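The next block holds one structure in the form of structure tokens; read it before the comments.
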There are 2 protein chains.
Amino acid sequence: MKNTNKTKQLDPAYVCGHKDPAAVRELLTKIGDKWSIFLVLSLAKIHGNRARFSELERSVPAISQRMLTLTLRNLERDGLVTREVFPEVPPRVEYELTILGKSLLRPLDGLVEWVSANWEDVKKAQSDFDSK
Amino acid sequence: MKNTNKTKQLDPAYVCGHKDPAAVRELLTKIGDKWSIFLVLSLAKIHGNRARFSELERSVPAISQRMLTLTLRNLERDGLVTREVFPEVPPRVEYELTILGKSLLRPLDGLVEWVSANWEDVKKAQSDFDSK
DNA sequence: CGGCATCCGTTCCGATACTG
DNA sequence: CAGTATCGGAACGGATGCCG
């Protein structure tokens, strides 16, 4: 695949030396948004990895209804959670981690561990940097 | 620690069942931004984990000078990279992954692996979802 | 109960121009 | 070469109101 363009026009996926750093970024951009992590981790610790809308609203503090809906919809779109609507009054909707969603918990735990081990260092680096 | 407030007013760190999901989110928000991952992975694959500004600009396609500067500054602030200025003309500035920055590569590799193994599933879930 | 539609302030980020 | 300063559009996300 000859390329006579300037570097800035290359496809990021072919450049950074890993198979697909663009996909990694895309993933991190997704789960790095304001609420996804809280929802995934909340579902992870709930029995059956399943909860209804209002439960999630309560377990994720300060989330707005709007963002809860939007975030869950994105997670559903990515195949990380399922959404099941029960035709009752009042309506009941339950969300559950998929196999795919659960599989994400392992690499996620790696990050949780890293944060546990190194977060103080990060905070210290920040305050050192800021005091200059 | 008694708490008589409504759920929405709780500190997120105490609620989600992990030690500090807020810190995990904060990390993911950082490295989940548009360019950090590319820079960290670029430095990771370079000999000595060290490169100068213009090298990074070339290895991370389509990044603007402004965002390269800002992103590197943030990584430096978090203690993930160092910045060394050489008093020459023309000026030379080199960036290098710190120990802390390198330690992040391990959990990051977990994510890279997950993406390699599951990204097609995610894309398929997305197209399935979108076609409805 | 579990949404959706709208409004609106904030943040992000690319483009451009300028500098030691 | 490696920045900094400024501008403006786009995206994010909270608040509010309405609805089946």
Side-chain angles (χ1 to χ4, degrees), chain A residues 6-10 12 22 25-26 28-39 42-43 50-78 81-96 129 132, chain B residues 6-10 12 22 25-26 28-39 42-43 50-78 81-96 129 132:
Chain A
K6 288 160 44 182
T7 303
K8 293 213 167 190
Q9 296 169 338
L10 290 173
R25 175 177 76 178
E26 205 174 322
L28 288 175
T29 301
K30 287 176 174 306
I31 63 177
D33 69 2
K34 196 165 181 183
W35 300 111
S36 293
I37 275 294
F38 282 122
L39 286 176
S42 287
L43 282 169
R50 191 176 181 88
R52 56 190 295 182
F53 188 87
S54 52
E55 289 181 86
L56 292 172
E57 191 168 18
R58 263 175 279 114
S59 68
V60 179
I63 192 172
S64 66
Q65 207 175 34
R66 170 184 144 84
M67 289 316 296
L68 181 56
T69 301
L70 288 178
T71 306
L72 284 170
R73 210 69 85 217
N74 283 332
L75 293 175
E76 184 194 4
R77 187 175 106 94
D78 295 338
V81 306
T82 56
R83 176 176 182 269
E84 186 174 5
V85 183
F86 296 85
E88 310 168 357
V89 271
R92 176 165 56 107
V93 180
E94 291 188 359
Y95 294 88
E96 183 176 341
F129 184 93
K132 286 184 299 188
Chain B
K6 287 157 53 181
T7 302
K8 293 213 167 188
Q9 297 169 337
L10 289 172
R25 175 177 75 177
E26 206 174 321
L28 288 175
T29 301
K30 287 176 174 306
I31 62 176
D33 70 0
K34 196 165 182 184
W35 301 110
S36 293
I37 275 295
F38 282 121
L39 286 176
S42 288
L43 282 170
R50 190 175 183 88
R52 55 191 297 182
F53 189 86
S54 52
E55 289 182 85
L56 292 172
E57 191 169 17
R58 263 176 278 114
S59 69
V60 178
I63 193 172
S64 65
Q65 208 174 33
R66 169 184 144 83
M67 288 317 295
L68 181 56
T69 301
L70 288 178
T71 307
L72 284 170
R73 211 70 86 214
N74 283 332
L75 292 174
E76 184 194 6
R77 188 175 106 93
D78 295 339
V81 305
T82 56
R83 175 176 182 269
E84 187 174 3
V85 182
F86 296 85
E88 310 169 357
V89 273
R92 176 164 56 106
V93 179
E94 291 188 358
Y95 295 88
E96 182 176 343
F129 184 93
K132 285 185 300 189

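Being a predicted model, the structure only gives us computed values, none of them experimental.
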Could you check which of [options] has an atom nearest any side-chain atom of [X]?
X       : options             : value
B:Arg83 : D:dA2, D:dG3, C:dG2 : D:dG3
A:Thr69 : D:dA2, C:dG2, C:dC4 : C:dC4
A:Gln65 : C:dG3, D:dG3, C:dC1 : C:dG3

At their closest point, which heavy atom of [X] faces which heavy atom of [Y], and how far apart are they?
X       : Y       : answer
B:Tyr95 : B:Leu43 : O-CD2, 3.7 Å
B:Thr29 : A:Asp33 : OG1-O, 4.4 Å
B:Ser36 : B:Lys30 : OG-O, 3.5 Å

If I take atom [atom1] in residue [X] and atom [atom2] in nucleotide [N], what distance separates them, rounded to the nearest angstrom?
X       : N      : atom1 : atom2 : value
A:Leu72 : C:dG2  : CG    : C1'   : 11 Å
B:Tyr95 : D:dC1  : OH    : P     : 15 Å
A:Lys30 : D:dC12 : NZ    : C1'   : 15 Å
A:Phe86 : C:dG3  : CZ    : P     : 12 Å
B:Leu70 : C:dC12 : CG    : C1'   : 10 Å
A:Leu68 : C:dG3  : CG    : P     : 8 Å
B:Arg25 : D:dC12 : CZ    : C1'   : 13 Å
B:Glu88 : D:dC1  : CD    : P     : 13 Å

Between A:Pro91 and A:Arg66, name the one whose nearest nucleotide on DNA chain D is closer to the 5' end.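 Looking at DNA chain D, the more 5' nearest nucleotide goes with A:Arg66.
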For a quick test of reading the model: is some side-chain N or O of B:Lys34 closer than 4.0 Å to OP1 or OP2 of D:dA11?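 For D:dA11, neither OP1 nor OP2 has a side-chain N or O of B:Lys34 closer than 4.0 Å.
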Side-chain N or O of A:Ser54 closer than 4.0 Å to phosphate OP1/OP2 of C:dG2: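 A:Ser54 to C:dG2 OP1/OP2: side-chain N or O found under 4.0 Å.
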Heavy-atom donor-acceptor pair, B:Arg25 side chain to A:Lys34 backbone, under 3.5 Å: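 Between the backbone of A:Lys34 and the side chain of B:Arg25 there is a qualifying donor-acceptor contact (under 3.5 Å).
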Is A:Ser59 reaching over with its side chain to a backbone N or O of A:Leu56, donor-acceptor style, under 3.5 angstrom?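 Flag set: sc A:Ser59 to bb A:Leu56 pair under 3.5 Å.
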